[in-house]
J.: 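First the structure, which I've put down as structure tokens, then a few questions once you've had a look.
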There are 2 protein chains.
Amino acid sequence: MQRRNPASRTGRPRSAAADTAILAATRQALVDLGWSGLTLSDVAVRAGVAKTTLYRRWAGKNELVVDAVAELFDELTLPDRGSLAADIEGVVLQFAAILARPEARSGLMAVVAEATRDEALRERVRASIVERQKRLVVAGRARAQERGELPPESDAARSARAVDLIFDMVAGSVVHRTLVSNQPADEEWVHALTRVLLSGLAAGTR
Amino acid sequence: MQRRNPASRTGRPRSAAADTAILAATRQALVDLGWSGLTLSDVAVRAGVAKTTLYRRWAGKNELVVDAVAELFDELTLPDRGSLAADIEGVVLQFAAILARPEARSGLMAVVAEATRDEALRERVRASIVERQKRLVVAGRARAQERGELPPESDAARSARAVDLIFDMVAGSVVHRTLVSNQPADEEWVHALTRVLLSGLAAGTR
DNA sequence: GCATTACGCTACGACTCGTAGCGAAAGCAC
DNA sequence: GTGCTTTCGCTACGAGTCGTAGCGTAATGC
């Protein structure tokens with residue numbers, strides 16, 4: 001617990017290999033057992049570590065799964081496809097591909113559900129998962145402004161609200177399509193989504 | 001189990017009062033304990049019935065919570081506010097009000113998460129919850145066509161895809177705003193959402 | 001009355017949880 | 001090398017939950 005000191009280096013260091021093994025084992029357990037079937041004892045066996053090691057690093061199942069799922073979103077990038085519409089479609093397709101994986105499907109909604117009653121967990125989800133996605137919206141918006149596809153932001157607060165709205169619309173639509181409606185967010189669907197979104201935003205800024 | 005017969009009436013009938021008491025107790029348990037803290041034993045005590053009665057009527061926690069949450073969406077109606085934009089805003093505000101309630105917040109995402117690994121549960125969620133929301137989109141669209149705000153549907157398949165897209169965008173955005181971003185879907189936000197959505201759709205049908 | 005089904009209650013084995021305790025291992029300072 | 005410190009693996013534990021079985025009782029249709 002006392003890792004507070006900036007360079008508190010004495011004693012046996014924690015195994016970094018164990019961390020990656022545990023997170024990978026957690027994702028595999030999500031695939032095999034789902035959220036409700038996942039137990040920390042099982043993850044420990046899969047990862048080849050003792051159960052007590054898990055409890056020394058994570059407070060419980062919620063925190064562990066958040067970290068395990070968050071890593072899935074590391075691969076999200078903002079490819080430069082030449083236009084705002086193409087950029088959005090590219091990112092959304094990446095996002096949809098992640099949400100198509102069973103470890104994301106089982107884990108993501110579960111931690112969001114748990115976070116509704118746990119302030120600390122909600123903050124962890126926000127910092128580890130949501131922000132990781134949101135920065136792409138900010139970056140895409142900035143790039144579109146450089147290209148002249150969007151007007152430069154005048155009011156900071158107004159701009160922040162616009163980013164929030166876009167983010168909730170994009171992420172929410174894809175999540176709902178994938179996990180609730182249970183249908184693939186394929187290229188055709190993503191194209192239609194992007195068209196509605198960009199037309200609406202263009203009309204709004206007029 | 002043998003309720004197959006259309007009017008298989010022999011023996012003591014099931015208490016309808018128990019059903020409503022159990023579902024109400026389930027929602028209250030979601031408020032007090034959240035999804036992970038909810039146990040069927042606890043619900044039974046709250047409802048004043050025996051635990052075995054619960055197991056006679058529902059296969060498990062998942063199915064019970066789906067039914068309990070589904071009832072929350074019964075109050076959704078499509079008020080005639082005079083224009084498509086106003087109608088949408090009215091429904092979305094109702095939807096947001098439901099999602100602001102803790103029993104919906106805790107329960108809805110949890111059952112969606114569980115449904116990712118349970119085909120039967122997914123179908124139950126679709127029939128009990130999703131369809132209940134989706135019919136409002138269909139009805140609102142039909143009313144807008146009567147008003148002349150939207151062109152009459154030419155291709156059935158094309159129309160179905162449009163309804164699906166709109167539904168995922170509306171429901172997904174509100175859910176994401178409320179449960180993930182954890183910010184209120186108030187009138188201002190709903191108004192901005194509706195504006196983007198309708199502008200985008202109008203541009204698309206041109 | 002009789003048959004049938006639902007109900008309340010108790011008890012049960014199986015399982016999971018999170019923690020405590022202990023000896024061994026792996027680093028750092030000297 | 002010798003200590004010091006922290007992590008690790010392992011075992012064991014009480015507490016709590018799960019879902020079911022068994023049994024006597026209550027409520028309906030015939």
Side-chain angles (χ1 to χ4, degrees), chain A residues 1-26 29-30 32-66 110-111 114 117-118 120-121, chain B residues 1-26 29-30 32-66 110-111 114 117-118 120-121:
Chain A
M1 287 295 180
Q2 284 75 355
R3 294 153 62 205
R4 287 286 150 269
N5 238 328
S8 73
R9 294 293 168 277
T10 177
R12 177 175 176 173
R14 287 193 172 173
S15 163
D19 262 348
T20 62
I22 290 169
L23 291 175
T26 302
L30 280 175
D32 296 343
L33 309 169
W35 163 266
S36 58
L38 182 148
T39 69
L40 292 200
S41 306
D42 182 81
V43 170
V45 173
R46 289 170 185 261
V49 301
K51 186 174 63 164
T52 43
T53 299
L54 278 173
Y55 282 101
R56 289 190 187 100
R57 304 187 182 198
W58 284 276
K61 182 170 163 174
N62 293 342
E63 290 76 9
L64 174 62
V65 173
V66 170
V111 294
E114 289 299 310
R117 291 187 44 81
D118 184 336
L121 186 64
Chain B
M1 286 296 181
Q2 282 76 355
R3 293 154 62 205
R4 287 286 150 269
N5 239 328
S8 73
R9 294 293 167 277
T10 176
R12 176 176 178 176
R14 286 193 172 177
S15 163
D19 261 348
T20 61
I22 290 169
L23 292 175
T26 303
L30 280 175
D32 295 343
L33 309 168
W35 163 265
S36 58
L38 182 148
T39 70
L40 293 200
S41 306
D42 182 80
V43 171
V45 174
R46 289 170 183 263
V49 301
K51 186 173 63 164
T52 44
T53 299
L54 279 172
Y55 281 101
R56 288 192 188 100
R57 305 189 183 198
W58 285 276
K61 182 169 163 175
N62 293 341
E63 290 76 10
L64 173 63
V65 173
V66 169
V111 294
E114 289 299 310
R117 290 186 46 80
D118 185 336
L121 186 64

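All figures in this text were calculated on a predicted structure; none of them were measured in a lab. So that the names make sense, note that chain A is the first sequence line, chain B the second, and so on, each numbered from 1.
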J.: Please report the distance, rounded to the nearest Å, between CD in B:Glu63 and P in D:dG19.
T.: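 Going from B:Glu63 (CD) to D:dG19 (P), I get 10 Å.
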J.: Whole angstrom is fine here: how far is it from CZ in B:Arg57 over to P in D:dG19?
T.: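 These atoms are roughly 18 Å apart.
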J.: Run the side-chain donor-acceptor check on residues 33-42 of chain A: report pairs under 3.5 Å with partners two or more places apart or on a different chain.
T.:
unit_1  : atom_1 : unit_2   : atom_2 : d
A:Ser36 : OG     : B:Glu114 : OE1    : 3.0
A:Thr39 : OG1    : A:Asp42  : N      : 3.1
A:Asp42 : OD2    : A:Arg46  : NE     : 2.5

J.: Without decimals, in angstroms, what is the distance between A:Leu54 CG and C:dT16 C1'?
T.: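 Nearest whole value for this atom pair: 14 Å.
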J.: With each end axis built from five pairs of C1' atoms, what bend angle do you get for the helix from C:dG1-D:dC30 to C:dC30-D:dG1? Round to 10°.
T.: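 About 30°, once rounded to a multiple of 10°.
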J.: Do nucleotides 19-30 of chain C as a string where each nucleotide becomes B, S or -: B if the base has a protein heavy atom under 4.0 Å, S if just the sugar-phosphate does, - if no protein is that close.
T.: BB----BBBS--
J.: With sequence neighbours left out, write down each residue that passes side chain to side chain contact (heavy atoms under 4.5 Å, CB included) with B:Arg12, or none if nothing qualifies.
T.: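 B:Arg12 satisfies side chain to side chain contact (heavy atoms under 4.5 Å, CB included) with no residue once adjacent residues are dropped.
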J.: Taking the nucleotide of DNA chain C with the closest heavy atom to each, which residue, B:Val49 or A:Ser41, is nearer the 5' end?
T.: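 Closer to the 5' end of DNA chain C: B:Val49.
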J.: Provide, to the nearest angstrom, the distance between the CH2 atom belonging to B:Trp58 and the P atom belonging to C:dA6.
T.: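 Rounded to whole Å, this separation is 14 Å.
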J.: Please report, rounded to the nearest Å, how far the C1' atom of C:dG8 is from the CD1 atom of B:Ile22.
T.: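 After rounding, the reported distance stands at 13 Å.
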J.: What is the distance, rounded to the nearest whole Å, between atom CG of B:Leu40 and atom P of D:dG16?
T.: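 It works out to 18 Å between those atoms.
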J.: Considering residues at least two apart in sequence or located in another chain, which fulfil the side chain to side chain contact (heavy atoms under 4.5 Å, CB included) criterion with B:Thr52?
T.: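 So B:Thr52 forms a side chain to side chain contact (heavy atoms under 4.5 Å, CB included) with B:Ala50, B:Arg56.
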J.: Does B:Asp19 pair with B:Arg57 as a salt bridge, N-O distance under 4.0 Å?
T.: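 B:Arg57 and B:Asp19: salt-bridged.
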J.: For B:Val66 and B:Trp58, run side-chain contact (heavy atoms from CB on, under 4.5 Å): C-alpha distance rounded to whole Å, both residues' side-chain angles, the deciding distance at 0.1 Å, then the answer.
T.: CA-CA 10 Å; B:Val66 169; B:Trp58 285 276; over 6 Å; no
J.: Using 0.5 Å steps for rounding, measure from the CZ atom of B:Arg117 to the CG atom of A:Leu30.
T.: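 Reported to 0.5 Å precision, the distance equals 9.0 Å.
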J.: Rounded off to whole Å, could you give me the CG-to-P distance for the A:Leu38 and C:dG18 pair?
T.: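 Going from CG in A:Leu38 over to P in C:dG18 covers 12 Å.
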